[in-house]
Amino acid sequence: MALQSNETETGLCLLAVHAHPDDESSKGAGTVAHYHGMGVRTVLACCTGGEAGDILNPAMDRPEVRTRLAEIRREELAAAASVIGYDEVVMLGYRDSGMAGSAENDDPRCFARASLDEAVGRLVKVIRRERPQVILTYHENQAGYPHPDHLRTHEISVAAFSAAGDPDAYPEAGPAFQPSKLYYNLWSRRRLQALHDKFVELGIKPPFDPDRIERAAAEGEATILIPVAAYEDVRRRALLAHATQIDPDGFWFAIPRELQAEVWPHEDFEL
């Protein structure tokens, strides 16, 4: 039976805030699995349903998948969250914004066009209910992948981190609670360079061009590295659970499994 809120072996809680289904698997999956294994309650707040995401796995690009993509992405998220070890998944209820300039980005229901105050309030309610000591979210600089939903996820996370501890803010969201730390998930320049070098060594075309690697330098510097080599298979299985988004023959799995953890055996965060 799943533990209820605050019913953990340690009395501790970690909250990860992500933009879309699949982000929880590509960013911080090993860290969450690690702390879940230590008895920390782990909660995922997913801001959107990922409805605007392309089908990136050719084997899943079929009419019957396209017609129920939103439902399938929820199913994939549930499967991935179970692999990682999330005790609860909370959907904030916004529509995927798509990339800037897309038709989805003009939809008034999308996350990027939602009231910032309302969105912060939704996340404050989750924070006050779950009472996490630590929140994981995105960096303010998204030079490598400036998706509107990632930018908005950063905005609401930073605002909610402060507002949750203010008894005068969002009184309808429950008693005030101040988390201790807010960390940004990073794909650091050093990590991208290490992956690039391994691709070259193996004679495989690298997925990151030099410009992308250099842009990563502007996205923050890691202040803590969490060792996650033991959870490489968790990350792999969680990614594969997102069958519409992850091509099993794509770059995620181009490096042999026995070498993956050696290339960069950490996950990077900035406090």
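Just so it is clear, the values below take in all heavy atoms, side chains as well, and ignore hydrogens, waters and symmetry mates.
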Quiz item: cation-pi between Arg122 and Tyr94, 6.0 Å / 45°: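 Yes, cation above the ring, under 6.0 Å and within 45°.
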
For a 4.5 angstrom cut-off between non-hydrogen side-chain atoms, does [X] reach [Y]?
X      : Y      : value
Leu240 : Phe253 : yes
Asp96  : His147 : yes
Arg66  : Ile55  : yes
Gln260 : Arg235 : yes
Phe269 : Thr223 : no
Val43  : Cys13  : yes
Pro21  : Cys46  : yes
Ile127 : Pro132 : yes

Test log, rule salt bridge (Lys or Arg N to Asp or Glu O under 4.0 Å), inputs Arg73 and Glu51: CA-CA 8 Å; Arg73 294 213 67 189; Glu51 302 88 346; over 6 Å; no

Side chain to side chain contact (heavy atoms under 4.5 Å, CB included) between Glu76 and Asp22, intermediate numbers included: CA-CA 8 Å; Glu76 291 173 344; Asp22 76 47; over 6 Å; no

Inter-residue atom distance [X].[atom1] - [Y].[atom2], 0.5 Å rounding:
X      : Y      : atom1 : atom2 : result
Leu136 : Lys181 : CG    : NZ    : 12.0 Å
Glu64  : Leu69  : CD    : CG    : 12.0 Å
Met60  : Ile72  : CE    : CD1   : 5.5 Å
Leu202 : Ile204 : CG    : CD1   : 4.5 Å
Tyr183 : Leu14  : OH    : CG    : 10.0 Å
Asp117 : Tyr170 : CG    : OH    : 3.5 Å

Gln178 atom CD, over 12 foreign heavy atoms within 6.0 Å: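 More than 12 within 6.0 Å, yes.
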
Arg113 atom CZ, over 12 foreign heavy atoms within 6.0 Å: yes

Please answer whether the main-chain N or O of [Y] pairs with a side-chain N or O of [X] as donor and acceptor at a distance below 3.5 Å.
X      : Y      : value
Ser82  : Ala79  : no
His266 : Ile226 : no
Ser102 : Gly98  : no
Asp87  : Thr42  : yes

Specify the closest pair of heavy atoms between [X] and [Y], including all atoms of both residues, with the distance to one decimal.
X      : Y      : result
Leu186 : Ala222 : CD1-N, 3.5 Å
Tyr86  : Ala16  : OH-CB, 3.4 Å
Arg95  : Asp107 : NE-OD2, 3.5 Å
Val83  : Ala238 : CG1-N, 3.8 Å
Glu267 : Ala29  : OE2-N, 3.5 Å
Ala59  : Arg62  : O-NH1, 2.7 Å

State yes or no: do [X] and [Y] share one hydrophobic cluster built from I, L, V, M, F, W and Y residues joined by side-chain heavy-atom distances below 4.5 Å, directly or via other members?
X      : Y      : value
Val200 : Ile213 : no
Leu259 : Val234 : no
Leu192 : Val263 : yes
Leu271 : Tyr35  : yes
Val17  : Leu44  : no

Side chain to side chain contact (heavy atoms under 4.5 Å, CB included) between Ile156 and Cys47, intermediate numbers included: CA-CA 10 Å; Ile156 73 163; Cys47 297; 4.0 Å; yes

Salt bridge or not for [X] and [Y], using N-O below 4.0 Å?
X      : Y      : answer
Arg68  : Glu75  : yes
Arg236 : Asp233 : yes
Arg257 : Glu232 : no

Polar contact flag, side-chain donor to acceptor under 3.5 angstrom, His150-Glu155: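 No donor-acceptor contact under 3.5 Å links the two side chains.
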
Pair Gln133-Ser180, side-chain donor/acceptor within less than 3.5 Å: no

Chi angles and distances behind the side chain to side chain contact (heavy atoms under 4.5 Å, CB included) call for Glu130, Leu15: CA-CA 8 Å; Glu130 298 296 340; Leu15 171 66; 5.6 Å; no

Test side-chain hydrogen bond (donor to acceptor under 3.5 Å, both in side chains) applied to Tyr138 and Lys27, His18, His154, the passing residue: His18

Qualifying side chain to side chain donor-acceptor pair (under 3.5 Å) pairs with a residue from residues 187-201, counting only residues at least two apart or across chains: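 Residue pairs passing side chain to side chain donor-acceptor pair (under 3.5 Å), neighbours aside: Ser188-Asp268, Arg189-Glu214, Gln193-Asp197, Lys198-Glu201.
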
Check against side chain to side chain donor-acceptor pair (under 3.5 Å), Asn105 and Ser97: CA-CA 5 Å; Asn105 200 243; Ser97 304; 4.7 Å; no

Geometric class of the Tyr184/His139 ring pair [parallel <30°, tilted 30-60°, perpendicular >60°]: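 The rings of His139 and Tyr184 stand perpendicular, inter-plane angle above 60°.
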
The single option from Val120, Ile135, Leu182 passing side chain to side chain contact (heavy atoms under 4.5 Å, CB included) against Val158: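 Among the candidates, only Leu182 passes.
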
Among Asn57, Leu56, Leu239, the one residue meeting side chain to side chain contact (heavy atoms under 4.5 Å, CB included) with Ile246: Leu239

Check against side chain to side chain contact (heavy atoms under 4.5 Å, CB included), Val126 and Leu92: CA-CA 9 Å; Val126 176; Leu92 290 195; 4.2 Å; yes

